[in-house]
Amino acid sequence: MNHVAIRDIAVAVPTTRRDQSAWGDGVAAKLVAATGVSERRVIDKETMTDLFEAAARQALGHRRAIGGIVVVTQTPDTRIPPTANILHGRLGLPSSCLAFDVNQGCSGYAYGLEVAGRMVSSGLQSVLMLAGDCLSSVVSPTDRATEPIFGDAASATFLERDEDAPSLLVTCGSDGKGAKHLLLDHGDTECLYMNGAAVFEFAAAAVPAAVAAMLDATGLTLDDLDAVVPHQPNATMLEHLRLKCGVAEEKWITGVVQEFGNVSSASIPLAIVLNETRGRLLLVGFGGGWSWGTAVVDTSETRIHPLVEVGR
Amino acid sequence: MKEFCQHLDRLIEQPTGTSTPETTLLQLAGWDSMTAMGFMAMADRQYGVVVSAVRLMDAKTVADLAALVGIVE
């Protein structure tokens, strides 16, 4: 799609840190070795909406005359109304600004770029796309497959119409046969279920294929890109996917999981913020659904804001 | 099979010779739910096989694991 500039990227995380010590020394050491996650940030008094608001304010600055606000999350504070509408009120956005949520997780940054990018490409002046989750609030404290891995974060990406912007390319896909492997039922007592081995099997096949398909469709090679920014689920899977995708270490942007864990749809923007990754980037997200998405974006002119921390 | 057992021992950080085809996964020190992802990465890297998660969960012995990457004795 054309005429879509990525003006700002900001990420907010809670101040509260949680390490793996609750698992006991032996298990904790093994968990850290297997996943690379030493600690993560988790919400305490603050809410998911608070994180989104902080990221949004950082990205927007004084701007309020925007055309749309889209929130990508699977852990909204309320089922009704959408988080986007709550934030519309909190931020004081104009009544002409449309607001809605998209339900997507670890692939959600690409899905958000697809939805918001098309809105801008087809005529809206600007859209604020927020993507993030607080999965720490839906994991069982005794589930080794999920509790040690997931952290909380919210990202804000401001897209604006610009006739001279480099083209924004996004491709998303899904395979509903994987739906049962990453699941959270309705009900306040339900906890997230994840079959980690099934996720690995899916990602090992889908991610290299999605990257290859995007390169093929655009005629780009890895040499044409300044960096590849994958979703950051855990260190073992990340390194495996790097090798499968054939990306050199210096072009494979990581550095999230050790201190923040898997922060779902906020992981790609968090990697960009922590590494100040600029240039022509290939992004690849993947997760529950199954779902995945790739994007070629240009952040050369993007304001990449320093990490925002929310809490007491 | 010998080479496979060596890869497995390295993965679970146990001395070479710990795994034999007959060893059950319940007996195998260092093998637990957290090892699955590492095993799948090793299987893909060393043997070029993306192991089926469903079949991995059905595996009972080291020989079953070896069969997943196409090693049968």
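To find a chain, count down the sequence lines: A is the first, B the second, and so on, and within it residues start at 1. Being a predicted model, the structure only gives us computed values, none of them experimental.
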What part of B/V50 is in contact with chain A, defined as an atom under 4.5 angstrom from a non-hydrogen atom: side chain, backbone, both or neither?
-> side chain

Gap between atom CZ of A/F200 and atom CG of B/D44 - 0.5 Å precision | 6.5 Å

Can you measure from CD (A/E201) to CE (B/M37) and round to the nearest 0.5 angstrom?
-> 14.5 Å

Looking at A/M237, A/K244, A/R144, which has the largest count of heavy-atom pairs under 4.5 Å with chain B?
-> A/K244

Below 4.5 Å from any heavy atom of chain A, which atoms of B/T35 appear? Answer side chain, backbone, both or neither.
-> side chain

Winner by heavy-atom pair count (cut-off under 4.5 Å) against chain A, out of B/A36, B/G38, B/G30, B/A41 = B/A41

Quick one: closest heavy-atom pair of A/A197 and B/L56, and the distance?
-> CB-CD2, 4.4 Å

Side chain from CB out, backbone as N, CA, C, O: work out which of these in A/A198 comes under 4.5 Å of a heavy atom of chain B, or both, or neither.
-> both

Inspect the surroundings of CD in B/Q6 and state if more than 12 heavy atoms from other residues, nucleotides or ligands are less than 6.0 Å away.
-> yes

Answer yes or no: are there more than 12 heavy-atom neighbours, outside A/D25 itself, under 6.0 Å from its atom CG?
-> no

